[in-house]
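Reviewing the structure listed below.
Positions are given from 1 along the sequence. Each ligand, and each atom within it, is numbered from 1 in the order the structure gives.
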Amino acid sequence: LGDLVRNVGGDRVEVENLVGPNGDVHVYSPTPGDARKLAAANVVFVNGLGLEGWMTRLVVASNAKAPVVVVSKGITPRRMEEEEKSGRRIAIDPHAWQSVADAKSYVANIRDGLIAVDPAGKATYGANADAYLVKLDELENEVRVAIASIPADRRKIITTHDAFGYFGAAYGMAFIAPEGVSTEAEPSAKDVARIIIQIKKQKIPAVFLENTSDPRLMDQIAHETGASIGGTLYSDALSEPGGPAATYIEMMRHNIRQFTKALVG
Ligand code: ZN
C-alpha cells in the first residue's frame, strides 16, 4: 500500500509505513511511535475489508485528525465460509491487491484521497496515477500470459494462509490453504489432515511458503504428501528494498515466476 501511495504521490508526499517489509499485518502490534506518526499525518490510507483490525483502535488512541481513506472502496469483496471451533462463519477476504484489476481501484482511491487533502496537486496526482495504471495494465497482461503457460490441470497450489483468492478468481488458479483468510488462528490438526488428504487425492504438485508465515507447517505438509516446495510467495508484505519483491509490481512478477517454475513442468 505504501508503494502504491508513493507511485501516485511522487515528490509531493512523504510516506510512512506502519507494517514494514515481511511484516504480518493481520497480527501487527502497533507501537507508541505508530500513534505519533498517525497524529502527524495529513491523510491515512488503509486496506480495509477487515485486514487491519488494530487500525481502528489506533486511529482513536492516537487522536489522529487526518481523513482515513479505505483504498478497497468499490471492489467486490470475496466472501469465504470458514470453519471455526464455534461453528461455520462467513469471513471477508481482505487480500484484494492480489488481483491487479482491484489494485487499479486502489490506485484510483489513493489518487482521489490525495487530491482531497492537497487539491493543488490534482494534476500531478492524476498524471502519476495514469502513468502507473499503464504499468499495471502491462503487469496484468504478464500475469495472464504466465498463467496460460501452465497446463490447466496443474493450476492448483497450496499456500499457508488463504491470501490468493482474488488472484485465483481473476486469473484462473485454485489455491487451498490450511489457515483461513487471516493468520490469527493456527490451523488445527484436523485442518492439516484434511489438506494432506486433498493434496494426495487431487495430485496437487506444489506447496508454497509465504514471506510472512512460519515455513514449518508447509515443510511438514510437503514431507507427508511428497508435494514439492515451490518457493516463497510474497502475499501480504513486500521484501526489504533490494530484495526480490521490493515493489508491488516486482511482487506480482516474483509470484508468477514461482508459479510457472513449479508448475509448467
Ligand atoms: Zn493475509
Tracing side-chain contacts under 4.5 Å among Ile, Leu, Val, Met, Phe, Trp and Tyr outward from V134 reaches none
Min side-chain heavy-atom separation I199-E224 under 4.5 Å
no
Name every donor-acceptor pair, under 3.5 Å, that has one atom in a side chain of residues 20-30 and the other anywhere in the protein, sequence neighbours excluded.
| from | atom 1 | to | atom 2 | distance (Å) |
| --- | --- | --- | --- | --- |
| N22 | OD1 | N211 | ND2 | 3.0 |
| D24 | OD1 | H26 | N | 3.0 |
| D24 | OD1 | T183 | OG1 | 3.2 |
| D24 | OD2 | T183 | OG1 | 2.7 |
| H26 | NE2 | H95 | NE2 | 3.3 |
| H26 | NE2 | H161 | NE2 | 3.3 |
| H26 | NE2 | D236 | OD2 | 2.8 |
| Y28 | OH | L18 | O | 3.2 |
| Y28 | OH | D34 | OD2 | 2.7 |

Could you check R216 against D219 for salt bridge (charged side-chain N to carboxylate O under 4.0 Å, His left out), going step by step and ending with a plain yes or no?
CA-CA 5 Å; R216 282 174 296 187; D219 282 337; over 6 Å; no
Identify all side-chain donor-acceptor contacts of residues 163-182 below 3.5 Å with residues at least two apart in sequence or on another chain.
| from | atom 1 | to | atom 2 | distance (Å) |
| --- | --- | --- | --- | --- |
| Y166 | OH | R78 | N | 2.9 |
| Y166 | OH | D93 | O | 2.5 |
| Y171 | OH | V100 | N | 2.9 |
| Y171 | OH | E140 | OE2 | 2.8 |
| S182 | OG | E184 | N | 3.1 |
| S182 | OG | E184 | OE1 | 3.2 |

Measure distances from the Zn ion (ligand 1) and count the protein N, O or S atoms below 2.8 Å.
4
Given P215, which of L209, T160, T232 fulfils the side chain to side chain contact (heavy atoms under 4.5 Å, CB included) condition?
L209
